[in-house]
> 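Here it is, the structure, as structure tokens.
Counting convention: from 1, in listed order, for ligands and their atoms alike. Nothing here was measured: the structure is a model prediction, and the numbers come from that model.
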Amino acid sequence: MRARNLTLLNDERYDVLVIGGGVTGAGVALDAVARGYKVALVEKTDFASGTSSKSTKLVHGGIRYLSNFDFALVREALTERGILLRIAPYLVHPVPFILPMYKGDRHPVGLPFTTPRGIGLGFVMDVGLWFYDLLAGRLNMKRHRRLSRKRVRQLAPTLVTKGLNNGFVYYDGQTHDARLTLAVMRTAAQYGATIVNYAEVTSFVMEQGKAVGAHVHDRLNDQQLTVYARHIVNATGVFSEEIETLTGDTPQFQVEPSKGVHLVLSREDLQLGDNAIVLPETDDRRILFIVPWETRAIYGTTDTGSGDLNHPVANRDDIAYLLEHLNRYLSVSLTEEDIISTYAGYRPLLKPRQNSEHSSAKLSRTHAVFQDHSGVVTIVGGKLTTYRRMAQDTVDVLNKRDGSPALHPTLDMPLHGSAGWPAVKHDLEKKAKALGLSEPTIAHLGTAYGSEGLAVLALIESDPSLAELLIADLPYIRAEVIYACRYEMAMTPYDVLARRTSITLLDRQRGMSVVDEVATIMAQELDWSPADRQSMIDAFNAAMHDQMVAEKTL
Ligand SMILES: Cc1cc2nc3c(=O)[nH]c(=O)nc-3n(C[C@H](O)[C@H](O)[C@H](O)COP(=O)(O)OP(=O)(O)OC[C@H]3O[C@@H](n4cnc5c(N)ncnc54)[C@H](O)[C@@H]3O)c2cc1C
């Protein structure tokens, strides 16, 4: 599939070339192809390997933006949350969030003001959450409720009780960020977009000051190709400014990357059921989330400065900050030893250049579409939740240039795997049971692939050994490795272990122990030589090793 797409990239002329295979680029490719454009997308590493696999995995309005009275931003995100629940019902689901209120808190949820001795802050929170429900409009999931102290303790039994007044429960969405990106990407491919990973834009083809194409480096075969397109969209997140500079123009914006780290912890250690917990106030006036995610809990996040944008890692300080707040709010005393895995990513926060027409307050939180003199269109900022709207705003600019009407087909376009869902769920469960799969694996196939789970089952029908688990108590099966290579363009063991599945997150140590087996399956599927296979294993182990060394470094 990849080889065929590379040939197409070189031979065809496109209407739109999208640079960047995170959720934003995937969204732009889908929106453009759905409006009838001929689209190509190139990603320099793997799909979702940047920020789009490093998020808190929430599809949310962002209650902390309410504290800044940023109602337009919250409303936009809540609207997108509602749309995503509809167009990707197997990938996005509601989660209850328990927000405890403590006597000592003065700025819960990042509130910029306080009241004398914190009196009345509960009322302020109630009003804020009422607004949150209101802004979601008819797409709201479920209204927030006030909880008694006793009820908070029942729902979040590890919260420290000293100073606990009462609390709230409110609802937001949760997803699998990398699989959401893949679902958007595959929908775009289904509509005819030509999509290639491990293909890096290194420079632009310029004609009379305009960018008319891009030179692309196929990093797996070390080959160069040239892709021509009428419109070029830069959707490279924290790399946007770097790409803009390739045109020779001074970018109108600056990207100020901000690192966010998450810890993956055991749900049993935290006695975490199906409710997420909000730690309402940190020393630097932020909030932290503990969210049940698959068989684990993910906890984060931090908000610190920049580093190597290609290799974001959690360091000792990040981990100490997170553990300190966790042990402050929960009656546990977890240490580095209890961490199952970590991950880190950079937020693409926007900062305008001086004399730019865009105002700074808005830019830092929302997304913006820029057009430079070379004609390259850049989309940057925003959130995972708002990817569809970001894409829509970008393709509107292309329609405007072409003088064609701006239609918005993605508003109700089901994403790959959603066709017939949840009706197909019953069929999937029945077939999977007949093939002898366990309950956790059946549930996992549904939430990861939706109706496409049937294609995974078809692989088992032709080779029953593919039903075997990769790791004893995780739900992943061997068939998924083949599926990832054949249908999801997985090219390395890391692609399979970190993004097509979540094995490195859910159990990094055992992920390392299974890499040989995964590489063996991939070698057969992708026709690797023994040397190729070994170098893939070495690269995976080196990446894991670097991550673990960084965690011990200041
Ligand atoms: C810690 C953290 C937590 C977050 N939590 C949430 C959350 O819970 N909910 C939410 O809605 N949002 C969340 N976000 C925000 C969200 O994750 C991002 O807004 C979103 O993933 C950005 O996607 P993107 O496609 O713009 O960027 P990216 O995913 O970074 O994609 C850009 C891609 O461009 C590629 N690229 C770069 N240069 C080139 C080149 N020369 N050629 C080809 N490709 C190139 C990169 O490899 C990369 O894959 C979070 C962000 C962080 C950091």
> Under 4.0 Å, heavy atoms only, figure out whether ligand 1 is touched by the backbone of Y346, its side chain, both or neither.
backbone
> Is H262 touching ligand 1 with its side chain, its backbone, both, or neither, if touching means heavy atoms under 4.0 Å apart?
side chain
> When you measure from the heavy atoms of I19 to every atom of ligand 1, does any distance fall below 4.0 Å?
yes
> Mark up the atoms of ligand 1 that fall under 4.0 Å of a heavy atom belonging to T24, in ascending order.
23 (O), 24 (P), 25 (O), 26 (O)
> Checking N10 now: which residues fulfil side chain to side chain contact (heavy atoms under 4.5 Å, CB included) with it, not counting sequence neighbours?
L225
> Hey, which atoms in ligand 1 end up nearer than 4.0 Å to a heavy atom of G260?
1 (C)
> Is T236 touching ligand 1 with its side chain, its backbone, both, or neither, if touching means heavy atoms under 4.0 Å apart?
both
> For ligand 1, is any non-hydrogen atom under 4.0 Å from A199's backbone (N, CA, C, O), its side chain (CB onward), both, or neither?
backbone
> Taking S49's backbone N and O only, do any of them form a donor-acceptor pair with K54's side chain (distance below 3.5 Å, no angle check)?
yes
> Return yes if some donor-acceptor pair links the side-chain N/O of D412 with the main-chain N/O of I87 below 3.5 Å, else return no.
no
> Is K44 close to ligand 1, meaning an N/O of one under 3.5 Å from an N/O of the other?
yes
> Take a 6.0 Å sphere around OH of Y228 and say whether it holds more than 12 heavy atoms from other residues, nucleotides or ligands.
no
> Does K57 make a cation-pi contact with Y343, if we ask for NZ or CZ under 6.0 Å from the ring centre and within 45° of the axis?
yes
> Less than 4.0 angstrom from a charged side-chain N to a carboxylate O is my criterion; do R296 and D507 meet it?
yes
> Does E200 have more than 12 heavy atoms from other residues, nucleotides or ligands lying within 6.0 Å of its CD?
yes
> Among all protein non-hydrogen atoms, which one is nearest to atom 16 (C) of ligand 1, and what is the separation to 0.1 Å?
L384 N, 3.5 Å
> Could you see which bit of T301 sits under 4.0 Å from ligand 1, with heavy atoms only: side chain, backbone, both or neither?
side chain
> Flag yes if more than 12 heavy atoms outside Y191 fall under 6.0 Å of its OH atom; otherwise flag no.
no
> By number and element, which atoms of ligand 1 are closer than 4.0 Å to a non-hydrogen atom of G20?
33 (C), 34 (O), 35 (C), 44 (N)
> Starting from atom 9 (N) of ligand 1, which protein heavy atom do you reach first, and at what distance in Å?
L58 O, 2.7 Å
> Identify, by atom number and element, the atoms of ligand 1 in contact range of G382, meaning under 4.0 Å from any of its heavy atoms.
19 (O)
> Could you walk me through whether L6 and N221 satisfy the side-chain contact (heavy atoms from CB on, under 4.5 Å) test, starting with their C-alpha distance in whole Å, then the side-chain angles of each, then the deciding distance to 0.1 Å, before giving a yes or no?
CA-CA 11 Å; L6 277 169; N221 302 308; 4.1 Å; yes
> Measure from NZ or CZ of K44 to the centre of the six-membered ring of F239 and say whether it is under 6.0 Å with the direction within 45° of the ring axis.
yes
> Looking at G345, which atoms of ligand 1 are within less than 4.0 Å of one of its heavy atoms?
53 (C)
> Any N or O of F239 that comes nearer than 3.5 Å to an N or O of ligand 1?
no
> Can you find a heavy atom in the side chain of M141 that is under 4.5 Å from one in the side chain of Y170?
no
> For V42, take its heavy atoms, then give the atoms of ligand 1 lying under 4.0 Å from any of them.
43 (C), 44 (N)
> List for me each residue that meets side chain to side chain contact (heavy atoms under 4.5 Å, CB included) alongside S266, sequence neighbours excluded, and say none if there are none.
E268, D269, I340
> Around R13, counting heavy atoms of other residues, nucleotides and ligands shown, do more than 12 lie under 6.0 Å from its CZ?
no
> Looking at ligand 1, does any of its N/O atoms fall within less than 3.5 Å of an N/O of T51?
yes
> In the protein, what heavy atom is nearest to atom 35 (C) of ligand 1, and what distance, to one decimal place, separates them?
E43 OE1, 3.2 Å
> Give the residue and atom name of whichever protein heavy atom lies nearest to atom 29 (O) of ligand 1, and the separation in Å to one decimal.
S52 OG, 2.5 Å
> Other residues, nucleotides and ligands only: do more than 12 of their heavy atoms fall within 6.0 Å of NE2 on H93?
yes
> Check R285 with D303, please: is the shortest side-chain N to carboxylate O separation under 4.0 Å?
no
> Given the ring of Y449, does R179 sit roughly above its face, with NZ or CZ under 6.0 Å from the centre of the six-membered ring and within 45° of the axis?
yes
> Can E281 and R328 be counted as an ion pair, charged N to O under 4.0 angstrom?
no
> Which residue supplies the protein heavy atom nearest to atom 5 (N) of ligand 1, what is that atom called, and how far is it?
T56 N, 3.0 Å
> Who's the nearest protein heavy-atom neighbour of atom 6 (C) of ligand 1, and how far?
S55 CB, 3.5 Å
> Can you tell me if M390 contacts ligand 1 (heavy atom of the residue under 4.0 Å from the ligand)?
no
> Any atoms of ligand 1 less than 4.0 Å from a non-hydrogen atom of K57? List them with their elements.
8 (O)
> Measuring from atom 53 (C) of ligand 1, which candidate in K259, R347, E80, H367 has the nearest non-hydrogen atom?
R347
> Does ligand 1 come near enough to E200 that some N or O of the ligand is less than 3.5 Å from an N or O of the residue?
no
> Determine whether the side chain, the backbone, both or neither of I243 has a heavy atom under 4.0 Å from any heavy atom of ligand 1.
side chain
> Among all protein heavy atoms, pick the one closest to atom 42 (N) of ligand 1 and tell me residue, atom and distance.
V201 N, 3.0 Å
> Does ligand 1 have a heavy atom under 4.0 Å from the side chain of A77, from its backbone, from both, or from neither?
neither
> Among protein heavy atoms, which sits nearest to atom 2 (C) of ligand 1, and what does the distance come to when rounded to 0.1 Å?
K54 O, 3.7 Å
